[in-house]
Amino acid sequence: MLDGAGVDKARLATALGAPSGFGQSQFALTRGNAFETRVKADGGAELLRLVHGRLDPGAEPPAGAAVPDLSAHGPEGRTARTALALREAAQAGGWTLLDHPMLALDVAGSPAFLEPDAVVVHPDGSWSVVEIKSFPMVDGSADPAKVGAAARQAAVYVLALEEVAARLDPAPRVRHRVLLVCPKDFSNLPAASAVDIRRQRAVTARQLARLTRIEELAGALPEGTCFAPDRPAEELTAAVEAVPAAYAPECLSACELAFHCRDRARAAGAVTRLGRPLRAELGGLATVEEVLAAARGESGDPDDPAVAALRRAAALRAEALAAAAEVPACP
């Protein structure tokens with residue numbers, strides 16, 4: 001809802017009294033920008049070499065590549081310019097490097113503008129996404145959690161590219177293997193790996209299809225609801241609380257409002273603050289108080305597997321504490 005309304009969530013979080021440290025440090029941004037500049041130097045010669053070696057070794061080696069100018073006014077203009085450059089590159093043949101193209105993806109009825117690090121058009125007209133990250137690739141492998149996050153990010157770009165391709169005749173192929181480029185062994189030299197993002201793409205497509213449209217969310221809000229950060233704190237708090245939120249620890253690395261939502265989840269005793277896997281295991285038990293009451297036998301359906309497991313765990317804990325109390329103290 002807030003993204004669709006174009007709200008500055010960082011300013012909103014500060015106005016709510018829960019400023020977030022979300023985002024990279026200035027040092028990490030500077031290091032990442034320097035590494036990306038090195039990877040794309042000389043017209044992207046090194047980047048194209050990595051694309052050729054990891055994604056398309058059977059193609060003609062890139063002796064050079066077209067690097068179209070993608071500048072335009074506003075995100076809509078840049079999106080249109082990117083679509084035109086992609087179409088021209090697919091028809092021209094040869095290698096083409098699109099540096100920071102702008103793509104649009106429909107999210108719950110509202111366009112979200114996306115900016116991949118690069119998109120490469122292969123000589124056969126197919127398109128590949130390139131993700132450039134500053135975390136290291138040591139002995140050919142990187143942190144699995146960070147690689148997974150990069151794969152999910154790239155999957156969104158692939159979906160957006162597929163929307164562009166679907167409007168062309170014939171539709172170019174969008175490759176489902178993306179190139180992840182990272183520093184090699186803590187140096188500033190680039191290393192690359194091909195990442196298959198078919199699973200991440202399928203999951204993201206299902207999630208986007210299930211999203212409630214922004215018009216429906218807005219229609220359920222009280223009339224006059226406003227999220228402008230310069231509004232009084234009490235009014236802002238009421239406006240934000242009118243929009244349901246499901247906090248989980250993962251939000252701390254993905255959303256500027258995470259601290260605010262964490263405080264709300266703690267106040268409500270929501271079990272989601274302990275992690276989505278635990279929330280899934282507890283079935284219909286949504287609060288910590290409900291969980292404890294079910295474990296004590298004060299509420300809950302005994303035939304519910306979650307309730308039965310909680311009561312069994314409580315009984316085992318009581319037995320262990322009783323046994324520990326019977327152990328004589330050392331002389």
Side-chain angles (χ1 to χ4, degrees), residues 1-16 20 22-23 70-86 98 100-117 119 127 129 131 149-168 171 174 197 200-231 235-248 250-258 260-261 264:
M1 183 73 253
L2 297 175
D3 288 335
V7 175
D8 185 336
K9 291 189 292 184
R11 285 185 60 202
L12 179 60
T14 301
L16 290 169
S20 171
F22 171 73
L70 302 179
S71 59
H73 178 68
E76 293 85 357
R78 290 184 59 199
T79 300
R81 182 69 189 89
T82 295
L84 177 61
L86 284 168
L98 276 68
H100 283 285
M102 182 67 74
L103 306 172
L105 182 66
D106 182 86
V107 179
S110 179
F113 294 102
L114 313 169
E115 189 175 354
D117 292 326
V119 171
W127 303 344
V129 170
E131 269 298 287
R152 290 189 294 272
Q153 182 179 352
V156 180
Y157 299 149
V158 167
L159 286 170
L161 276 176
E162 288 177 347
E163 290 191 3
V164 178
R167 296 194 291 269
L168 302 182
V174 180
I197 52 89
Q200 290 84 355
R201 180 207 165 278
V203 170
T204 304
R206 287 197 300 270
Q207 290 173 335
L208 289 173
R210 289 159 42 192
L211 285 177
T212 304
R213 295 185 66 81
I214 290 177
E215 295 87 345
E216 297 177 29
L217 294 173
L221 296 177
E223 187 174 353
T225 299
C226 179
F227 301 108
D230 57 357
R231 309 293 289 181
E235 183 179 334
L236 276 179
T237 300
V240 173
E241 289 182 352
V243 184
Y247 169 79
E250 302 93 299
C251 296
L252 291 171
S253 63
C255 181
E256 296 88 342
L257 286 174
H260 173 75
C261 292
R264 291 173 61 187

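Basis for what follows: all heavy atoms, side chains included, without hydrogens, waters or symmetry-related copies. Numbering starts at 1 and runs along the sequence shown.
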Heavy-atom closest pair (E131 atom, A154 atom, distance to 0.1 Å) is CG-CB, 4.2 Å
Is the shortest side-chain heavy-atom distance between E163 and L105 below 4.5 Å?
yes
Got a donor-acceptor contact below 3.5 angstrom from the T204 side chain to the Q200 backbone?
yes
Working to the nearest 0.5 Å, report the span between CG of L236 and CZ of R231.
8.0 Å
Could you tell me if the side chain of V243 sits less than 4.5 Å from the side chain of L217, heavy atoms only?
no
Less than 4.5 Å apart, any side-chain heavy atom of V158 and any of E162?
yes
OG1 of T82 to CG of L114: how many Å apart, nearest 0.5 Å?
11.0 Å
Approximate separation, where rounding is to 0.5 Å, of E216 CD and M1 CE
11.5 Å
Is V240 close to R264 at the side-chain level, that is, under 4.5 Å between some pair of heavy atoms?
yes
Rounded to the nearest 0.5 Å, what separation is found between the CD atom of E241 and the SG atom of C261?
10.0 Å
Pairwise side-chain contact, L70 with H100, heavy-atom cut-off 4.5 Å (strictly under)
no
Can you see which heavy atom on A239 is nearest to which on C226, and at what distance?
CB-O, 3.4 Å
Quick one: pull up CG in L159 and CD1 in I197 and give me the separation to the nearest 0.5 Å.
7.5 Å
For P116 versus P101, what's the shortest heavy-atom pair and its separation?
CD-O, 3.3 Å
Looking at every non-hydrogen atom in both residues, tell me the closest pair between R81 and A72 and how far apart they are.
CB-CB, 4.3 Å
Is there a donor-acceptor contact under 3.5 Å from the side chain of T79 to the main chain of A104?
no
State, with a plain yes or no, whether a side-chain heavy atom of V164 is found less than 4.5 Å away from one of W127.
yes
Which donor-acceptor pairs under 3.5 Å do side chains of residues 6-15 form with protein atoms, sequence neighbours excluded?
residue	atom	partner	partner atom	Å
D8	OD1	A10	N	3.2
D8	OD1	R11	N	3.2
K9	NZ	D3	OD1	3.2
T14	OG1	A10	O	3.1

Candidate pair L221 and F227, rule side-chain contact (heavy atoms from CB on, under 4.5 Å), full reasoning:
CA-CA 12 Å; L221 296 177; F227 301 108; 4.2 Å; yes
Heavy-atom side-chain proximity of L86 to V119 below 4.5 angstrom
yes
Donor-acceptor pair, S110 side chain versus V107 backbone, under 3.5 Å?
no
Do you know which two heavy atoms are closest between A258 and C251, and how far apart they sit?
CB-O, 3.4 Å
Less than 4.5 Å apart, any side-chain heavy atom of E76 and any of F113?
yes
Where do V156 and L208 land on the side-chain contact (heavy atoms from CB on, under 4.5 Å) test, with the steps shown first?
CA-CA 10 Å; V156 180; L208 289 173; over 6 Å; no
